[in-house]
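Note on naming: letters A, B, ... go to the chains in the order of the sequence lines (proteins, then strands), and numbering restarts at 1 for each one.
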Number of protein chains: 2
Amino acid sequence: MSERKFNSTNTLNEFFLEERCTLNKVLKIIGKRWVSEVLVLIKQDVSRFSNLKECLDGISDNVLSSVLNELVKSKLIGKEIFNQVPLKVEYHITPSGLALTNVLHQLCDWGKEHIAYETRMKPTFARKDGKD
Amino acid sequence: MSERKFNSTNTLNEFFLEERCTLNKVLKIIGKRWVSEVLVLIKQDVSRFSNLKECLDGISDNVLSSVLNELVKSKLIGKEIFNQVPLKVEYHITPSGLALTNVLHQLCDWGKEHIAYETRMKPTFARKDGKD
DNA sequence: CTGTATCCGTTAGGATACTG
DNA sequence: CAGTATCCTAACGGATACAG
């Protein structure tokens with residue numbers, strides 16, 4: 001705190017921080033293990049707690065619950081409680097969440113192109129571009 | 001394993017899994033704390049270990065090192081070693097990595113629109129859409 | 001200068017049990 | 001059915017020390 005660096009790197013840092021700040025928040029939200037999956041499921045109209053649990057096979061109630069809460073808190077999904085017996089709750093995606101899944105889909109798309117083959121291949125990697 | 005669910009959820013599950021698989025890999029890579037930031041920095045031609053360290057202020061050598069390794073392993077950045085004294089190493093972004101930052105930027109963009117105000121606001125949130 | 005190895009504290013993921 | 005509370009463990013981020 002007492003020795004902040006004001007070198008030339010600082011300029012870059014500033015520019016980079018602006019991007020970092022928000023990006024970090026986003027990644028903090030959807031970087032968690034089950035979050036993106038739950039979001040996608042809800043987008044696909046899997047709106048009940050138990051349905052989600054089935055789809056996610058072995059997820060604990062605990063974890064699913066906290067993930068859902070996080071998503072609700074972040075306004076990516078909405079929660080609708082039907083106060084009846086048996087208790088019924090439905091989750092639905094928000095426009096905000098829908099927009100996110102859209103970007104996520106691009107991310108997925110990128111992954112399919114760039115890391116699909118990366119599982120076991122260790123080719124002789126030599127630089128091909130003419131840097132310097 | 002012995003009691004796979006073949007209910008209606010299974011259909012959704014199948015579709016969702018295809019997306020999950022790759023998306024998870026991607027998020028696994030860039031969801032780590034410093035990864036996205038390092039990637040952005042390198043995109044901005046901060047190519048030396050020490051420069052990166054300065055930009056990231058308090059990051060440990062250890063962490064930076066492992067992050068760089070991950071990025072190299074994932075082919076998001078390339079590593080060029082100049083075997084001289086003092087030892088010099090340069091990192092540069094790959095086309096693959098560049099494409100990723102592009103998507104990341106959209107993610108950031110999304111964040112700016114949707115979670116900028118979310119820090120402290122707790123408005124009375126009631127459903128507006130006419131979902132039954 | 002550019003890293004790796006080791007150790008350690010924190011945190012997130014998860015199992016189980018219990019409540020509305 | 002839908003969740004919360006508690007506890008446990010594994011994984012991750014990070015500091016320090018050391019090596020090429």
Side-chain angles (χ1 to χ4, degrees), chain A residues 1 3 5 7-9 20 23-39 41-42 46-74 77-92, chain B residues 1 3 5 7-9 20 24-25 27-39 41-42 46-74 77-92:
Chain A
M1 189 70 73
E3 44 172 359
K5 305 253 175 59
N7 309 347
S8 58
T9 55
R20 164 167 78 160
L23 183 55
N24 263 347
K25 282 188 193 169
V26 177
L27 289 175
K28 189 84 182 180
I29 296 173
I30 50 95
K32 302 282 189 67
R33 183 159 298 180
W34 296 96
V35 175
S36 61
E37 330 201 351
V38 172
L39 189 62
L41 279 174
I42 290 176
V46 184
S47 50
R48 308 290 302 277
F49 191 91
S50 39
N51 288 136
L52 289 165
K53 214 166 95 175
E54 285 179 41
C55 292
L56 296 170
D57 209 17
I59 193 172
S60 318
D61 297 355
N62 171 7
V63 176
L64 180 53
S65 178
S66 65
V67 167
L68 286 170
N69 282 333
E70 286 297 310
L71 284 172
V72 170
K73 206 172 64 184
S74 306
I77 63 174
K79 180 177 185 174
E80 188 176 16
I81 304 173
F82 299 84
N83 223 330
Q84 61 188 36
V85 180
L87 183 57
K88 179 175 150 189
V89 175
E90 279 191 6
Y91 297 93
H92 56 91
Chain B
M1 192 67 75
E3 45 170 357
K5 306 255 175 56
N7 309 346
S8 57
T9 56
R20 166 167 77 159
N24 262 347
K25 281 188 193 171
L27 290 176
K28 189 86 182 176
I29 296 173
I30 49 96
K32 303 282 190 67
R33 182 157 300 179
W34 295 96
V35 174
S36 61
E37 330 202 350
V38 171
L39 189 61
L41 280 175
I42 290 175
V46 183
S47 49
R48 308 291 303 279
F49 190 91
S50 38
N51 288 136
L52 288 165
K53 214 167 94 176
E54 284 179 43
C55 292
L56 296 169
D57 207 16
I59 194 174
S60 317
D61 296 356
N62 173 6
V63 176
L64 180 54
S65 178
S66 65
V67 167
L68 286 170
N69 282 334
E70 285 300 311
L71 284 172
V72 169
K73 204 171 67 185
S74 306
I77 62 174
K79 180 177 183 174
E80 188 176 16
I81 304 173
F82 299 84
N83 223 329
Q84 62 190 34
V85 180
L87 184 56
K88 179 177 152 188
V89 175
E90 278 191 7
Y91 297 94
H92 57 90

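B:K88 NZ: more than 12 foreign heavy atoms inside a 6.0 Å radius.
As a whole-Å value, the separation of B:L68 CG from C:dT2 C1' is 10 Å. If you measure from atom NZ of B:K73 to atom P of C:dT4, you get 12 Å, rounded to the nearest angstrom. Residue B:L64 contributes atom CG, which lies 16 Å from atom C1' of D:dC12 at whole-angstrom precision. Rounding to whole angstrom units, CZ of residue A:R48 and C1' of D:dA2 are separated by 9 Å. With rounding to whole Å, B:L56 atom CG is found 14 Å from D:dG13 atom P. The distance from atom OH of B:Y91 to atom P of C:dT2 is 9 Å, rounded to the nearest whole Å. Atoms CG (A:L27) and C1' (D:dC12) sit 16 Å apart, rounded to a whole Å. The CG atom of B:N51 sits 15 Å away from the C1' atom of C:dG3 (whole-angstrom rounding).
No side-chain heavy atom of B:E70 sits under 4.5 Å from any side-chain heavy atom of B:V35. The closest side-chain heavy-atom distance from B:L71 to B:Y91 is not below 4.5 Å. Counting only heavy atoms from C-beta outward, the side chains of B:L56 and B:L41 approach each other to under 4.5 Å. Side-chain atoms of B:F49 and B:L64, non-hydrogen and from C-beta on, do get closer than 4.5 Å to each other. With contacts defined as side-chain heavy-atom distances shorter than 4.5 Å, the pair B:V67/B:L39 does not qualify.
Each of A:N69 and A:P86 lies near DNA chain D, and the nucleotide nearest A:P86 is the one positioned closer to the 5' end.
Scored by the salt bridge (charged side-chain N to carboxylate O under 4.0 Å, His left out) test, A:K53 finds A:D61 as partners (sequence neighbours excluded).
Among A:L52, A:V46, A:N51, the single residue meeting the side-chain contact (heavy atoms from CB on, under 4.5 Å) criterion with A:R48 is A:N51.
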Legend entry - Protein proximity profile, nucleotides 6-20 of chain C - base contact B, sugar-phosphate-only contact S, no contact -, cut-off 4.0 Å on heavy atoms: B------SBB----B
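Across all their heavy atoms, A:H92 and A:K79 have their closest contact at NE2-N, 4.1 Å.
End-to-end axis angle for the helix from C:dC1-D:dG20 to C:dG20-D:dC1, using five pairs per end and rounding to 10°, comes out at 40°.
Taking only side-chain nitrogens and oxygens, A:K79 comes nearer than 4.0 Å to OP1 or OP2 of D:dG3. Remark: A:S65 is not in phosphate contact with D:dA2, judged by side-chain N or O atoms under 4.0 Å from OP1 or OP2.
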